[in-house]
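These values consider heavy atoms only, across backbone and side chains, with no hydrogens, waters or symmetry-generated copies. Bear in mind that the values here come from a model prediction, so they are computed numbers and not experimental data.
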Amino acid sequence: MSADRLNLRGLARTELAGLLNEMEQPAYRAKQIFSWLHQKRVSTFDEMTNLPASFRQSLAQRCTIGGVKVQKRLVSSIDGTVKYLYGLDGGDLVEGVLMGHRHGNSLCISSQAGCRMGCAFCASALGGLSRNLTTGEILGQVYAAADDIAPERIGSIVMMGVGEPLDNFENVCRFLELVSHPDGFGLSLRRISLSTCGLVDEIYRLAEKKYPVTLSVSLHAANDDLRSELMPINRKYGIAALLKACRDYFEATGRRVSFEYSLMAGKNDAVTDAKALAALLKGRGDHVNLIPHNPVKERALTRSNRETVLAFQKELEIRGINATIRRELGADLDAACGQLRRTDG
C-alpha cells in the first residue's frame with residue numbers, strides 16, 4: 001500500500017540526502033532524484049533512467065512518488081478559466097483554479113481536504129476537516145496543472161483554495177521551500193500569496209521564516225461582533241490582535257499584507273461598514289481586495305449588487321484606503337471554493 005511507503009516528492013533535499021545515505025547510495029543521487037521529481041516530474045521510478053535498475057527497484061519497494069490525479073477538468077466558456085477537481089489517495093477531493101491574467105497564469109491551490117475554521121460564508125467548511133494535505137499533495141496540484149498547460153507556465157500561486165494553509169503549517173512551509181527551490185520548480189516566493197482567516201500565532205511563526213510571500217488576510221468585517229459571527233476564529237484572535245500581527249509580519253518580512261473583504265448583501269456592505277473599515281485601517285498603507293460574495297446554496301448569505309460594491313469601494317478610496325474589486329473569472333463554473341468537491345464527493 002502506498003500509505004505505508006515514504007512519499008519522496010514531499011521530502012526536503014536534506015531529508016532526501018539522509019534517506020539515500022541510509023540506503024548506502026552516493027550523495028550525488030539526491031540531486032538526480034530531486035530533478036526527476038521536481039523538474040521532469042516523472043510518475044514512476046522506472047523513468048529515472050540514470051539510476052541503476054536495482055536501486056530503482058529498492059526505491060519502489062520503500063517509497064512512492066505520490067501526487068494527485070485530475071478527476072475533473074472544467075473550462076469556462078467565458079474567459080478560459082480552468083477548474084480542476086483533484087483526487088487524492090483515500091478518496092478525498094480538493095480543488096484548484098487556473099486563471100489567465102495579462103501578467104501570466106495564476107494557480108489557486110488547496111492545502112487541506114475540508115476545513116475546520118467554520119466560516120459562515122464558505123463552502124469548504126461544510127462537513128468540517130477531513131485531513132491535512134501532505135507536502136507532496138500540495139505540490140502535486142501545481143505539477144498537474146503545469147503539465148496540463150505546458151508549454152505555457154504557471155507564473156504565480158495563490159494558496160486560497162480548500163482549507164486554511166496556516167492550519168497545515170509544517171507541510172505548507174515545506175511546500176514553499178520545495179516549489180521555490182532553484183533545482184526544482186523554481187517559482188519565486190514573491191510570486192506566491194498565502195491566504196489565512198487569521199491564525200495569529202501561526203502568522204508570527206510564518207514571519208520568523210522570513211519567506212517573502214504575500215500574506216492575504218480574510219477580514220470581512222470591521223468590528224469583532226460581526227467578524228465573530230462570520231468567522232469563529234475571531235473569538236480566539238480578535239481584530240486588534242490580528243492587525244498587530246499583520247503589522248509585525250510586515251516589519252519582519254518587508255512584505256505588505258493585503259486584506260480580503262467579501263461583500264455580503266445586508267450583512268457587511270453598507271456605507272457605514274465602509275467607513276468603519278476605513279477607520280480601522282487608516283494610516284497603515286494596507287490594500288483591500290473587495291470580493292463580490294460567491295453564494296453557497298447551503299448558506300443564507302447572498303452577494304451585494306454591483307452598485308453597492310462600487311459605492312463601498314468609493315467610500316474606502318475617499319478615506320485614503322487603497323481598494324480594488326477582484327476580477328471575476330470562471331463565472332459559469334462552480335465558483336466558490338469547495339462547491340465542486342461537494343457536488344462530486
Note to self: Taking side chain to side chain contact (heavy atoms under 4.5 Å, CB included) as the definition, give me every residue that meets it alongside Lys282, ordered by chain and number, with sequence neighbours left out.
What the structure shows: none
Next item on the list: State yes or no: do Leu280 and Val200 share one hydrophobic cluster built from I, L, V, M, F, W and Y residues joined by side-chain heavy-atom distances below 4.5 Å, directly or via other members?
Entry: yes
Next item on the list: Quick one: list whatever passes side chain to side chain contact (heavy atoms under 4.5 Å, CB included) with Arg190, sequence neighbours left out.
Entry: Ser188, Pro212, Arg255
Notebook entry, point to check: Can you find a pair of side-chain heavy atoms, one from Asp183 and one from Arg13, that are under 4.5 Å apart?
Noted result: yes
Margin query: For Val82, run the side chain to side chain contact (heavy atoms under 4.5 Å, CB included) check against Val75, Ile149, Asn105 and tell me which one passes.
Written below: Val75
Note to self: If the condition is side chain to side chain donor-acceptor pair (under 3.5 Å), which residues does Arg9 pass it with, not counting sequence neighbours?
What the structure shows: none
Checklist line | Partners passing ring pair (Phe, Tyr, Trp, His ring centres under 6.0 Å) against Phe259 (at least two apart in sequence or in another chain) | finding: none
Checklist line | Hphob cluster co-occupancy, Leu189 + Leu187, side-chain heavy atoms under 4.5 angstrom | finding: yes
Next item on the list: Give a yes or no on whether a salt bridge exists between Glu170 and Arg205, defined as a side-chain N under 4.0 angstrom from a carboxylate O.
Entry: yes
Item checked: Nearest-0.5 Å distance that lies between atom CD1 in Ile109 and atom CD1 in Ile138 -> 6.5 Å
Item checked: Approximate separation, where rounding is to 0.5 Å, of Leu178 CG and Asn171 CG -> 10.5 Å
Notebook entry, point to check: Without hydrogens or angle criteria, can the side chains of Glu164 and Thr196 be said to hold a donor-acceptor pair below 3.5 Å?
Noted result: yes
Check: What's the verdict on side chain to side chain contact (heavy atoms under 4.5 Å, CB included) for Met231 and Met117, showing C-alpha distance, side-chain angles and the deciding distance?
Finding: CA-CA 8 Å; Met231 307 178 71; Met117 296 297 110; over 6 Å; no
Checklist line | Charged N-O contact under 4.0 Å between Lys244 and Asp248 | finding: yes
Notebook entry, point to check: Tell me, do Leu74 and Leu85 make a side-chain contact under 4.5 Å, heavy atoms counted?
Noted result: no
Margin query: Once rounded to the nearest 0.5 Å, what's the spacing between atom CD of Glu315 and atom CD of Gln313?
Written below: 11.5 Å
Notebook entry, point to check: If you measure from CG on Asn234 to SG on Cys119, what distance do you get to the nearest 0.5 Å?
Noted result: 10.0 Å
Which pairs would a plain distance check flag for residues 47-56, meaning a side-chain donor or acceptor within less than 3.5 Å of a matching protein atom at least two apart in sequence or in another chain?
from	atom 1	to	atom 2	distance (Å)
Glu47	OE2	Ser43	N	3.0
Glu47	OE2	Ser43	OG	3.2
Glu47	OE2	Thr44	N	2.9
Glu47	OE2	Thr44	OG1	3.0
Asn50	OD1	Trp36	NE1	2.6
Arg56	NE	Met48	O	3.4
Arg56	NE	Leu51	O	2.9
Arg56	NH1	Asp46	O	3.3
Arg56	NH2	Leu51	O	3.2

Next item on the list: Return yes if some donor-acceptor pair links the side-chain N/O of Ser304 with the main-chain N/O of Val309 below 3.5 Å, else return no.
Entry: no
Notebook entry, point to check: Should Leu37 and Leu139 be marked as a side chain to side chain contact (heavy atoms under 4.5 Å, CB included) after you check the CA-CA gap, both sets of side-chain angles, and the distance that decides it?
Noted result: CA-CA 10 Å; Leu37 293 172; Leu139 276 168; over 6 Å; no
Next item on the list: Check for a donor-acceptor pair, side chain of Ser76 on one end and backbone N or O of Thr81 on the other, with a separation under 3.5 Å.
Entry: no
Check: Which pairs, with at least one residue in residues 91-115 and sequence neighbours excluded, count as a ring-ring contact (aromatic ring centres under 6.0 Å, His included)?
Finding: His101-His103
Checklist line | Val142 reachable from Leu88 in the ILVMFWY side-chain graph, under 4.5 Å edges | finding: yes
Check: Which pairs with one or both residues in residues 200-240 pass ring-ring contact (aromatic ring centres under 6.0 Å, His included), sequence neighbours excluded?
Finding: Phe121-His220
Notebook entry, point to check: Say you draw a straight line from CG of Leu166 to CD1 of Ile233; how long is it, rounded to the nearest 0.5 Å?
Noted result: 10.5 Å
Next item on the list: Flag yes if Phe250 and Val288 sit in one hydrophobic cluster, no otherwise; membership is Ile, Leu, Val, Met, Phe, Trp, Tyr, and two members link when side-chain heavy atoms are under 4.5 Å apart.
Entry: no
Next item on the list: For Tyr86 and Val68, indicate whether the former's side chain and the latter's backbone hold a donor-acceptor pair under 3.5 Å.
Entry: no
Note to self: Going by the rule side chain to side chain contact (heavy atoms under 4.5 Å, CB included), which residues pair with Ala311 if we only count those two or more places apart in sequence or in a different chain?
What the structure shows: none
Item checked: Heavy-atom pair with the smallest gap, counting every atom of Leu316 and Ala274 -> CD2-O, 3.4 Å
Check: Distance-only, no hydrogens or angles: does the Arg227 side chain make a donor-acceptor pair with backbone N or O of Ala221 under 3.5 Å?
Finding: no
Notebook entry, point to check: Does Leu230 reach the side chain of Leu301, with side-chain heavy atoms less than 4.5 Å apart?
Noted result: yes
Checklist line | Any Met23 side-chain heavy atom under 4.5 Å of Leu59 side chain | finding: yes
Notebook entry, point to check: Tell me, do Ser110 and Gln141 make a side-chain contact under 4.5 Å, heavy atoms counted?
Noted result: yes
Check: Which residue pairs satisfy the ring-ring contact (aromatic ring centres under 6.0 Å, His included) criterion with at least one member in residues 161-187, sequence neighbours excluded?
Finding: Phe34-His181, Tyr143-Phe185
Notebook entry, point to check: With sequence neighbours excluded, what pairs up with His287 under the side chain to side chain contact (heavy atoms under 4.5 Å, CB included) test?
Noted result: Ser258, Asn289, Asn322, Thr324
Next item on the list: For the pair Tyr261 (side chain) and Asn268 (backbone), establish whether a donor and an acceptor sit closer than 3.5 Å, ignoring hydrogens and angles.
Entry: yes
Check: When you measure from the side chain of Glu260 to the backbone N and O of Ser216, does any donor-acceptor pair fall under 3.5 Å?
Finding: no
Item checked: Sequence neighbours excluded - salt bridge (Lys or Arg N to Asp or Glu O under 4.0 Å) pairs with any residue from residues 126-155 -> Arg41-Asp147, Arg73-Asp148, Asp92-Arg131, Arg131-Glu137
Margin query: Just verifying a value: how many Å separate Lys209 NZ and Leu206 CG, rounded to the nearest 0.5 Å?
Written below: 9.0 Å
Notebook entry, point to check: Should Asp286 and Leu243 count as side-chain neighbours, where that means a heavy-atom distance under 4.5 Å?
Noted result: no
Next item on the list: Name all pairs fulfilling the salt bridge (Lys or Arg N to Asp or Glu O under 4.0 Å) condition that reach into residues 21-40, sequence neighbours left out, sorted by first residue then second.
Entry: Glu22-Arg62
Check: Any side-chain heavy atom of Thr64 sitting closer than 4.5 Å to one from Asp89?
Finding: no
Margin query: Under a 3.5 Å distance rule, please check whether Asp273 uses its side chain to pair with a backbone N or O of Ala222 as donor and acceptor.
Written below: no
Note to self: side chain to side chain contact (heavy atoms under 4.5 Å, CB included), that's the test. Do Leu219 and Leu277 meet it? Break it down for me.
What the structure shows: CA-CA 10 Å; Leu219 193 57; Leu277 182 60; 3.6 Å; yes
Check: Any link between Phe312 and Val271 through a network of hydrophobic side chains (Ile, Leu, Val, Met, Phe, Trp, Tyr) touching at under 4.5 Å?
Finding: no
Item checked: Non-hydrogen side-chain atoms of Arg303 and Leu263 separated by less than 4.5 Å -> no
Next item on the list: Please assess His293 against Lys267 for the test side chain to side chain contact (heavy atoms under 4.5 Å, CB included), listing each intermediate value before the final yes or no.
Entry: CA-CA 11 Å; His293 174 60; Lys267 180 61 70 172; over 6 Å; no
Check: Between the main-chain N or O of Pro165 and the side-chain N or O of Asn168, is there a donor-acceptor pair closer than 3.5 Å?
Finding: no
